Amino acid sequence: MANRLDVQRALANRLELVKAGLTRRDLIKMGLMTSAGVLIPKGGLTHAQTTSFGCFRGCDLGCSPQPAQVFVDPLPIPPQLPARTLSDPGLAPAPSICPNNAINPATGLPFEGRGQFNGALVPGSDCFQFFNQYPPQRYFVQRMRANTNFRITSDTKIPAQTIWGFNQGGSAASDVAVFPGPTIVTRYQQPWVVRRFNELPTQDQNGGFGVPEMSTHLHNFHSAPESDGGPCRWFFRGQYFDYYHAAQQAGFAFDFQPNGDVRESLSTLWYHDHRIEHTAENTYKGLVGFQFMFNQFDTGDEGTGFHLPSYPQFDIPLMLNDKLLDSTTGLICFDTFNFKGLIGDVQLVNGVIQPFLSVNKRRYRFRVLNAGPSRFYELFLTDPLSPGTVIPFWVIANDGNLLPTPLQVTSFRVGVAERYDIIIDFNQVKTLIGAHTTVRLENRLEQTDGQGPTCNIFPGGQGIYCLEFRIGSAVADGSVNPATHPQFYQLPSVITPRVTRNFVFDRSNGQWVINDRFAACTEMRFTVEQNTAENWNIINPRSDWQHPIHIHDEEHRILSRSNNGGHHSSLSGAVSSFSRGDCPFDGGGAGISTQFPGVPNVEVSRKDVTRLQQDETNLLFFRFRDFAGDYPMHCHNVVHEDHAMMLAFEVQPGVIDDNPNP
Amino acid sequence: MATMTRRNVLAAAGVTTVAGTTALLGDDKVTKQRYLFQNIPPRELIRQRHLPNVELVTMDGQKVHFYDDLVKDKRVVIQFMYTRCKDVCPMVTHHLVEVQRILHDRVGHDIFFYSISLSPEEDRPEDLKRFAEEHGAGPGWLFLTGEPNDILLLRKSLGFTYDDPVEDADRNNHSGMLRIGDEPLMRWATCQGGANPKWIASVIQNEADAPFKGAVNGIRQADPAVHKD
């Protein structure tokens, strides 16, 4: 009944349990071991996982109840958030340049949470930059609510879940929160406001995790701090918060006035809670959604512009989350006491366990987002009946930014918060798989704990299947064929930096440190002179942790990835088997850049998250245009983020700060 | 106490009711399992898994139970230290003294500080008392020791653990972070003990006060926590 991997895993488990001081008799009593001495393998997707401490805590890797069957539920497509007019009651009073900080007698707090910083009102702060020059043209409303009847599988043996999420903006109770949240669709040069209401339950109704104070970050947008949804601008139950976005490309107030540099266009974004200290549990709870930006080239209509597959029929978001289900209650569980990062053994795509999607024989654009909390994926297409078949596809965008031209790959690696837009031509796929009719999106990167992946890439068919594509008949396809090498935006040029700074991400006495210093909302670590360029070295001296580093405001480029030799930083200096060694992404078949040392060609792109791999130094190039104010840099393994692997910096005009190690 | 501890672990295990087998059929992993899920309140699950009721001894020699006496119905700040620690513990303790000064009379009233020895073999209550006095720890802040196995269970249950045995054995690795909790509200956070004391104090205050701010449809969070005079 147990195969080789199960036995290996059982041995590892047993060692853990011995370490925990539990005897063989205890284990048999707990039902975790048979009298023959083999640990009972727990069901489902266990190839890539080891179980620590068995299942005696009920919320551990390898313990999650699994649905009886997978690939039986259709992939849910999040609804599109409806735009509203200013006459909508949800938008009264109308959004204003400075926050509506009049006191609401029903809450005792300002009506609007904007203007609060770290929970306290800062009078006169956080008026919108550029609001009068680019007045809002489009309006949206969202209400953050609990949904106590959310299903992650049609298997009724797994109970309905309580999620916290975003609704479609209506005040009626029937407008329930969904996970992922409604997709917000916006266009460049059409400034917009999203008004978000915090209608979450009280703290004691959190089901074991989640806090009802919110800050919604629009991940990757070039936003002013007051609308960025950073970690320190959280607001309370009963308040609303207006998020205004000027909707111009970077450079719009500096070297590309008045509308910005079209080469800086962004396309695939996501919004998520960013409450400092609590982002992991709140995003785990469901407070995440997609936002798509279109412009005159990336139009959403395959008949125009770059002729990318039409939204929404052939342009589909895929949000990946791995979760743990409590073997005691069957409910999503989150270990708020975990410091390392959380790896799940239940794989969700768009909020459902291992769904399927029926597709036609034509090209589709998929916007793949790793929504965390801690896992890294390397995704392949696999024919489950012939897992050795190599199935190529195309990467067209990294972190939502179109590459200069599509790159053909057989895999891509995606850390938490990274996005890859890919094009799969199912007509071509069908010719490769012959009479077979399905292919699956498979994660072949092994990861057994929250610290980071091992270096092991599973053979085809032995990883974790995320989603099944069922290929149907051919239909008309007016989208561009990536094999014809269409040209998208050229990369903006890299200019001479004003200053180069270094940031060492390390661990000290169980605390995350950046340059040996600690995080605080109230401490600006350094000031960037507005409208200048800088180079930053982000450095990981350790061989046992990997971190997806996210920097707010404008995007960056990876100029080089280099191995710094690393060290295992236990204070004893011991190098142990817990070092993972170096396992950089090999480019997924698209090769490594000849121009940018060590950088995979699919990462020769504008980026907002860079995987800081083991023992690595990455040189990043930035520009900081248009807006002034405070922004964070942080690890987007949201568990590390909540343990303050973060710093805040400021962008200000005319301030010279040359500190190379801030 | 060691036996008691083991029994506690097994009691927690008893609520796990997974039964069934896994069969590998072709490429599809079909799981046939029967789950007898129980409707256990989340607060109770957190207690079972993370807040063992081990017996500890205060720096005044008083016996207390971790869950029943120190955490249940309270807002707490929990930290691990040991008196011979040269570097990180004195620094974090110094920061917490400053935090206590900022929080003023809330410590011991509606927020409780606990420093738990990572060297229970050598830290006697009187050693802890001397450490507390030398550092200027005020009332409402308990220094605690106990049976080594109980403290090990407590440390691991609270998440202060490394997989690497070398790192796990280094007590300094467990002395930096603060665990901040509101037990009845199931609200748990952390803060870096090395951070600026003003920032640590603001985190603790926000953790304590934020749940009670605001209202939706007139519904406010009631405060179930114990306040002492």
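Residue numbers begin at 1 in each chain, while the letters A, B, ... track the order of the sequences. Quick caveat, the model's predicted, so the values are computed rather than measured.
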ask   = Measuring heavy-atom distances to chain B, does Arg275(A) have an atom under 4.5 Å in its side chain, in its backbone, in both, or in neither?
value = side chain
request  = Starting from the C-alpha separation in whole Å, work towards a yes-or-no answer on side-chain contact (heavy atoms from CB on, under 4.5 Å) for Asn196(B) and Glu523(A).
outcome  = CA-CA 9 Å; Asn196(B) 183 323; Glu523(A) 185 193 5; 6.0 Å; no
inquiry  = Please classify the contact between Cys521(A) and chain B as side chain, backbone, both or neither, with a heavy-atom cut-off of under 4.5 Å.
reply    = both
query = Does Arg49(B) count as lying over the ring of Phe337(A), i.e. NZ or CZ under 6.0 Å from the six-ring centre, within 45 degrees of the axis?
reply = no
query = Hey, does the side chain of Gln511(A) reach the backbone of Gly193(B) with a donor-acceptor pair shorter than 3.5 angstrom?
reply = yes
query = Between Arg43(B), His174(B), Glu207(B), which has the largest tally of heavy atom pairs under 4.5 Å with chain A?
reply = Glu207(B)
ask   = Has the side chain of Gln192(B) got a donor or acceptor atom that lies under 3.5 Å from a matching backbone atom of Ala519(A)?
value = yes
ask   = Measuring heavy-atom distances to chain B, does Asn198(A) have an atom under 4.5 Å in its side chain, in its backbone, in both, or in neither?
value = backbone
query = Of all of Asp182(B), Asn39(B), Val203(B), which one pairs up most often with chain A through heavy atoms under 4.5 Å apart?
reply = Val203(B)
query = So do the side chains of Pro65(A) and Phe37(B) get within less than 4.5 Å of each other, counting heavy atoms only?
reply = yes
remark   = In short, Trp199(B) meets Glu277(A) closest at the heavy-atom pair CZ2-OE2, 3.7 Å
task = Below 4.5 Å from any heavy atom of chain B, which atoms of Trp512(A) appear? Answer side chain, backbone, both or neither.
result = both
key: Closest-packed option against chain B by number of heavy-atom pairs under 4.5 Å, given Asp642(A), Leu331(A), Thr329(A)   = Thr329(A)
query = Passes side-chain contact (heavy atoms from CB on, under 4.5 Å), Thr522(A) versus Ser202(B)? Steps please.
reply = CA-CA 10 Å; Thr522(A) 43; Ser202(B) 86; 5.9 Å; no
inquiry  = Can you tell me which of Lys198(B), Gln205(B), Met177(B), Arg171(B) forms the most heavy-atom pairs within a distance under 4.5 Å of chain A?
reply    = Met177(B)
Side-chain heavy atoms of Pro211(B) within contact of Thr202(A), under 4.5 Å = no
query = Are His50(B) and Thr336(A) close enough, and set up right, to give a side-chain contact (heavy atoms from CB on, under 4.5 Å), and what steps lead you there?
reply = CA-CA 10 Å; His50(B) 297 290; Thr336(A) 44; 5.8 Å; no
query = Is it the backbone or the side chain of Ala106(A) that comes under 4.5 Å from a heavy atom of chain B, or both, or neither?
reply = backbone
Steps toward side-chain contact (heavy atoms from CB on, under 4.5 Å) verdict (Arg237(A), Ile219(B)) = CA-CA 10 Å; Arg237(A) 300 177 59 244; Ile219(B) 299 171; 4.3 Å; yes
task = Go through Gly210(A), Gly238(A), Ser508(A), Cys333(A) and name the one with the most non-hydrogen pairs under 4.5 angstrom from chain B.
result = Gly238(A)
ask   = If you draw a 6.0 Å radius around NE2 in His94(B), do more than 12 non-hydrogen atoms from other residues or ligands fall strictly inside?
value = no
inquiry  = So, taking the atom named CD in Gln203(A) and the one named CZ in Arg187(B), what distance separates them when rounded to the nearest 0.5 Å?
reply    = 5.0 Å
key: Test item: Lys213(B) and Phe235(A) side chains (from C-beta on) under 4.5 Å apart, heavy atoms   = no
request  = Below 4.5 Å from any heavy atom of chain B, which atoms of His278(A) appear? Answer side chain, backbone, both or neither.
outcome  = side chain
key: Closest heavy-atom pair and its distance - Asp326(A), Leu45(B)   = OD2-CD1, 3.7 Å
request  = Verify the ring-centre separation between Phe160(B) and Phe339(A): is it less than 6.0 angstrom?
outcome  = yes
ask   = For chain B, which of Asn338(A), Val513(A), Val211(A) has the most heavy-atom pairs under 4.5 Å?
value = Val211(A)
note = Honestly, the part of Ile46(B) sitting under 4.5 Å from a heavy atom of chain A is side chain
ask   = How long is the gap from CZ on Arg507(A) to OH on Tyr162(B), to the nearest 0.5 Å?
value = 3.5 Å
key: Flag, side chain of Gln221(B) to backbone of Asp204(A), donor-acceptor distance under 3.5 Å   = yes
inquiry  = Under a 4.5 Å cutoff for heavy-atom pairs, which residue among Glu213(A), Gln205(A), Glu199(A) has the most contacts with chain B?
reply    = Glu213(A)
key: Interface residue of largest heavy-atom contact number with chain B, from Ile276(A), Leu109(A), Asn118(A), under 4.5 Å   = Asn118(A)
inquiry  = If we define contacts as heavy-atom pairs under 4.5 Å, which of Ala222(B), Ala215(B), Gly159(B), Gly218(B) has the most with chain A?
reply    = Ala215(B)
request  = Could you tell me the separation between the CE atom of Met186(B) and the CG atom of Asn206(A), rounded to the nearest 0.5 Å?
outcome  = 4.5 Å
inquiry  = I'd like to know if the side chain of Asn206(B) and the backbone of Gly119(A) have a donor-acceptor N/O pair within less than 3.5 Å.
reply    = no
key: Side chain to side chain, Glu167(B) and Asp544(A), heavy atoms closer than 4.5 Å   = yes
request  = Give the minimum heavy-atom separation between Gly194(B) and Phe518(A), together with the two atoms involved.
outcome  = O-CD1, 3.1 Å
